[in-house]
Amino acid sequence: MAPYAEHVVVCTGKEDWTSRIEDEESPSGDFVRGLKGEIGRGGKSFDPFTNILTTLSSLPPSPTPSTTSILLFPTFLKIPSIPHNPQSYSLLSTAYLKAHTLHPSHAPLSSAQKAALTRNPSLASDLPSPIPITTPQSSSAATAPATPAAASWVPFYNPASSKSSARRG
């Protein structure tokens, strides 16, 4: 498996998506297509040595129309209400997703080409302010006990069938 530099989790509020998230017909799909147009294969900021994993999630979506909220890992940031436009995709990729330092294979590139592939955190100020997600947002959510039904399901591996499953514990 290829190493990933960043993981972008797109908050959609939906529970099901198309098998290719780029084909999703929704505002979240628009966001993914725009972002992948910037950092994906063939995008103007594509770097084969800086892999970015993009995933849709059922977490609550942005309340503002034509915007998307995302979570970034391993930086543990939530960026709320990113507008769906090419400038925002470019700012997001440059401020948060591009490489901090380039792979040695980039040595022959010009200074301008290297700058186009390198992260510039100062541009983050042109996007909605990030929110650290290292602590729970409310104390009641952190102290709420798990429901008995949810706590009784335990994943297990059955070597005879070579399939993972779940069973009641």
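Everything numeric in this text was worked out from a predicted model, so none of it was measured. Keep in mind that the numbers below use all heavy atoms, side chains included, and drop hydrogens, waters and symmetry copies.
- Interatomic distance, Lys14 NZ to Ser57 OG, rounded to the nearest 0.5 Å: 12.0 Å.
- Side-chain atoms of Ser90 do not come within 3.5 Å of backbone N or O of Pro86 as any donor-acceptor pair.
- Residue Leu77 holds its CG atom at 9.5 Å from CD1 of Ile131, rounded to the nearest 0.5 Å.
- Minimum interatomic distance between Ser69 and Pro80 (heavy atoms only, all atoms of both residues): OG-CA, 3.4 Å.
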Criterion side chain to side chain contact (heavy atoms under 4.5 Å, CB included) on Val10 and Thr54, from CA distance to verdict: CA-CA 7 Å; Val10 181; Thr54 307; 4.2 Å; yes

Stepwise side chain to side chain contact (heavy atoms under 4.5 Å, CB included) test for Thr55 and His7: CA-CA 8 Å; Thr55 308; His7 185 174; 2.8 Å; yes

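- Using a 4.0 Å cut-off between charged nitrogen and carboxylate oxygen, Lys98 and Glu6 do not count as a salt-bridge pair.
- Hydrophobic cluster of Leu102: the remaining members, joined at side-chain heavy-atom separations below 4.5 Å, are Leu109, Leu117, listed by chain and number.
- Within the 4.5 Å cutoff, the side chain of Thr118 has no heavy atoms near those of the Asn120 side chain.
- Taking OH from Tyr96 and CD1 from Ile52, the interatomic distance works out to 14.0 Å, rounded to the nearest 0.5 Å.
- Separation of atoms CG (Leu92) and CG (Leu35) is listed at 5.5 Å; rounding is to 0.5 Å.
- At a cut-off of 3.5 Å, with distance as the only test, no side-chain donor of Thr68 or Ser62 sits close to an acceptor on the other residue.
- Closest approach of Ser28 to Cys11, counting heavy atoms only: OG-O, 4.2 Å.
- A donor-acceptor pair shorter than 3.5 Å can be found between the side chains of Glu38 and Ser45.
- Looking at Ser93 and Ile39, their side chains come closer than 4.5 Å, going by heavy atoms from C-beta outward.
- Taken together through direct or relayed side-chain contacts under 4.5 Å among Ile, Leu, Val, Met, Phe, Trp and Tyr, Phe49 and Tyr4 form parts of separate hydrophobic clusters.
- When hydrophobic clusters are built by joining Ile, Leu, Val, Met, Phe, Trp and Tyr residues whose side-chain heavy atoms come closer than 4.5 Å, directly or via intermediates, Val32 is grouped together with Leu127.
- Using modelled atom types, one finds a donor on one side chain and an acceptor on the other under 3.5 Å when comparing Asp47 with His106.
- Side-chain atoms of Ser125 come within 3.5 Å of backbone atoms of Ser122 as a donor-acceptor pair (strictly under, hydrogens ignored).
- Linking Ile, Leu, Val, Met, Phe, Trp and Tyr residues whenever their side-chain heavy atoms come within less than 4.5 Å leaves Phe46 and Leu53 in two separate clusters.
- Atom NZ of Lys114 sits in a crowded spot, with more than 12 heavy atoms from other residues, nucleotides or ligands closer than 6.0 Å.
- Proximity of Pro132 to Phe76: side-chain heavy atoms (C-beta onward) are nowhere separated by under 4.5 Å.
- Across Gly13 and Pro61, no two heavy atoms sit closer than the pair CA-CD, 3.5 Å.
- Among all heavy-atom pairs drawn from Asn51 and Pro3, the shortest one is ND2-O, 3.0 Å.
- At least one side-chain heavy atom of Ile82 sits less than 4.5 Å from a side-chain heavy atom of Ile79.
- With 3.5 Å as the limit, one finds no donor-acceptor pair spanning the side chains of His84 and Thr67.
- We find the OG1-CG distance between Thr75 and Leu97 to be 8.5 Å, quoted to the nearest 0.5 Å.
- Closest approach of Gly34 and Tyr89 over heavy atoms only: CA-CE1, 3.4 Å.
- Rounding to the nearest 0.5 Å places OG of Ser66 at 10.0 Å from CG of Asn85.
- Between Ala124 and Ala95, the shortest heavy-atom contact is N-CB, 3.5 Å.
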